[in-house]
Amino acid sequence: MHRLARVRVGGSSPIRVMGIINTSPESFYKKSVFTDKKMIEKTAKLMEEDGADFIDVGGMSTAPYIKTLISEDKEIKRITNAINAIQKVSKLPVSIDTCRAKVAEVALQLGVEIVNDVSGLKYDKNMVNVLEKYGPSVVLCAFSNEPVKGNQIIQARKLIGQSVALALKSGIPESQIVVDPAIGFFRKKAQGVLFTKINSDWLQRDMLVLKNLKHIKQEHPILISISRKSFIGELLGETDPDKRLYGSLAAETFAVLNGADIIRTHNVKATNDIVKIVKNLKSLKKGL
């Protein structure tokens with residue numbers, strides 16, 4: 001049985017919803033950014049009321065198509081403020097969205113239970129030491145420092161397998177590992193540092209991944225983060241993330257039908273509604 005923090009995930013468990021709170025003004029979706037403590041408290045409380053199972057806190061944008069790198073000290077200041085505010089009003093498990101060991105350690109010292117690393121533990125070599133020390137649950141993204149060629153489903157499985165091996169080596173049990181095929185992070189070129197270089201069409205890659213989630217996840221629960229991303233914008237021809245809600249919900253529904261166990265989203269209430277609908281329709285007996 002897998003657990004992300006205190007919550008059962010995967011297998012026969014319900015589809016879970018992870019709400020996003022960004023504290024990074026450089027993030028691509030400005031309405032997900034909260035820096036004022038009172039607003040963070042209000043947002044976290046509303047997410048819990050709307051059915052979130054976890055809250056994911058980010059202090060630095062990881063969007064590959066913009067320059068987002070900031071100092072570790074600034075990232076720590078941002079996430080510390082947010083974590084303290086969330087914990088004041090909510091008992092939901094908190095996840096830290098970071099690829100830097102120093103930031104993760106500060107978050108874990110504050111009581112965070114999940115490390116969500118978009119580099120799959122490959123960006124900061126000290127991350128495995130932090131995992132060994134604190135033993136959190138982890139979300140591991142498909143990621144490579146080198147260009148990736150060939151069948152993208154096979155490559156996603158391979159890269160995830162490498163990250164799982166790193167987590168296991170640091171002492172994290174299989175039951176505390178969730179994987180993420182990294183929608184939006186495979187690109188021909190990018191301005192940021194957190195992306196995997198491919199020569200093929202990134203949009204086709206991401207569509208193929210969403211269609212083949214069951215072949216990628218294998219024995220680990222799978223998390224999908226697609227809310228309002230450029231993937232949705234490309235398919236809709238919509239440059240404004242604020243106008244990508246309906247497209248996001250459609251893609252999240254498709255992901256759930258194809259095997260996603262956790263949906264990470266900016267739109268907790270709406271996403272929780274589609275999860276309930278899919279659950280009820282899938283459980284309906286044939287031939288009534």
Side-chain angles (χ1 to χ4, degrees), residues 3-7 9 14-63 68 70-100 102-118 130 134 136-139 178 223 225-229 241-242 244-245 248-249 252 262-276:
R3 290 183 181 274
L4 200 55
R6 296 160 268 140
V7 182
V9 293
I15 306 300
R16 304 299 187 181
V17 175
M18 178 180 282
I20 301 169
I21 290 182
N22 287 318
T23 62
S24 45
E26 66 273 12
S27 289
F28 79 94
Y29 180 43
K30 302 308 178 186
K31 288 189 177 180
S32 72
V33 178
F34 304 94
T35 55
D36 177 75
K37 273 194 172 184
K38 291 296 182 184
M39 280 304 300
I40 294 171
E41 289 175 11
K42 182 179 178 180
T43 303
K45 190 173 181 180
L46 182 60
M47 283 183 173
E48 185 167 5
E49 292 172 355
D50 285 344
D53 298 285
F54 320 92
I55 296 177
D56 190 52
V57 176
M60 180 181 77
S61 173
T62 54
T68 59
I70 61 172
S71 70
E72 286 187 343
D73 288 343
K74 182 176 284 188
E75 187 179 358
I76 287 170
K77 183 177 180 181
R78 289 175 176 179
I79 62 103
T80 299
N81 180 61
I83 292 166
N84 287 335
I86 293 166
Q87 291 173 334
K88 185 176 178 181
V89 298
S90 172
K91 295 187 182 301
L92 291 180
V94 178
S95 165
I96 180 65
D97 178 5
T98 188
C99 60
R100 302 200 278 199
K102 186 177 177 181
V103 179
E105 181 159 30
V106 170
L108 291 167
Q109 288 172 343
L110 291 170
V112 164
E113 298 173 73
I114 306 160
V115 173
N116 178 13
D117 186 344
V118 298
V130 172
Y134 293 90
S137 296
V138 292
V139 178
V178 167
L223 177 147
S225 178
I226 200 169
S227 174
R228 300 186 187 264
K229 284 186 173 180
D242 196 34
R244 298 174 185 168
L245 172 61
S248 296
L249 296 176
E252 289 171 353
I262 306 165
I263 301 293
R264 179 180 176 271
T265 183
H266 302 98
N267 326 294
V268 171
K269 178 64 169 66
T271 297
N272 200 40
D273 282 352
I274 66 154
V275 165
K276 288 178 181 177

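Minimum heavy-atom separation, S24 to V33: O-CG2, 3.3 Å. Nearest heavy-atom pair, N272 versus G51, reported as atom, atom and distance to 0.1 Å: ND2-CA, 3.7 Å. Contact between A85 and I40 at its shortest, heavy atoms only, is CB-CG2, 3.7 Å. The heavy-atom pair separating V112 from L108 by the smallest distance is O-CD2, 3.2 Å. Residues P93 and V7 approach most closely at CG-CG2, 4.0 Å, considering heavy atoms.
Side-chain N or O atoms of S227 include one that pairs as donor or acceptor with a backbone N or O of H266 at under 3.5 Å. No side-chain donor-acceptor contact under 3.5 Å links N267 to the backbone of A270. With N81 contributing its side chain and K77 its backbone, the two residues share no donor-acceptor pair below 3.5 Å.
Looking at residues two or more places apart in sequence or on another chain, you find a side-chain contact (heavy atoms from CB on, under 4.5 Å) between K88 and K38, E41. Every residue two or more places apart in sequence or in another chain that forms a side-chain hydrogen bond (donor to acceptor under 3.5 Å, both in side chains) with S95 is listed here: D56. The side-chain contact (heavy atoms from CB on, under 4.5 Å) search around S225 returns D180, L223, K229, R264, not counting sequence neighbours. Evaluation of the side-chain contact (heavy atoms from CB on, under 4.5 Å) rule for R100 yields M60, L69, I70, E72, E75, T98, V103, Y123, D124 as partners, not counting sequence neighbours. Looking at residues two or more places apart in sequence or on another chain, you find no side-chain hydrogen bond (donor to acceptor under 3.5 Å, both in side chains) involving Q87.
Counting only heavy atoms from C-beta outward, the side chains of I15 and K276 never approach each other to under 4.5 Å. Annotation: side chain of T271 is in contact with side chain of L249 (closest heavy-atom distance under 4.5 Å). A heavy-atom distance below 4.5 Å is not found between the side chains of R78 and T35. The shortest distance between side-chain heavy atoms of F54 and V9 falls below 4.5 Å. In this structure, D117 and C99 have side chains that are in contact, with non-hydrogen atoms separated by less than 4.5 Å.
For the atom pair CD1 (I55) and CD1 (I83), the distance works out to 11.0 Å, reported to the nearest 0.5 Å. A distance of 7.5 Å separates OG of S137 from CD of E113, quoted to the nearest 0.5 Å. The distance from atom CG of L4 to atom CG of N116, rounded to the nearest 0.5 Å, is 8.5 Å. Atom-to-atom distance recorded for M47:CE and T265:OG1 is 8.0 Å, nearest 0.5 angstrom. Interatomic distance, K91 NZ to R6 CZ, rounded to the nearest 0.5 Å: 9.0 Å. Separation of atoms OG1 (T23) and CG (D36) is listed at 12.5 Å; rounding is to 0.5 Å.
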Q | Worked check of side-chain contact (heavy atoms from CB on, under 4.5 Å) between R228 and D242 | A | CA-CA 7 Å; R228 300 186 187 264; D242 196 34; 4.2 Å; yes

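Using a cutoff of 4.0 Å between basic side-chain nitrogens and carboxylate oxygens, D273 and K269 are scored as salt-bridged.
The side-chain hydrogen bond (donor to acceptor under 3.5 Å, both in side chains) analysis of residues 46-55, with sequence neighbours excluded, yields the pairs E48-S90.
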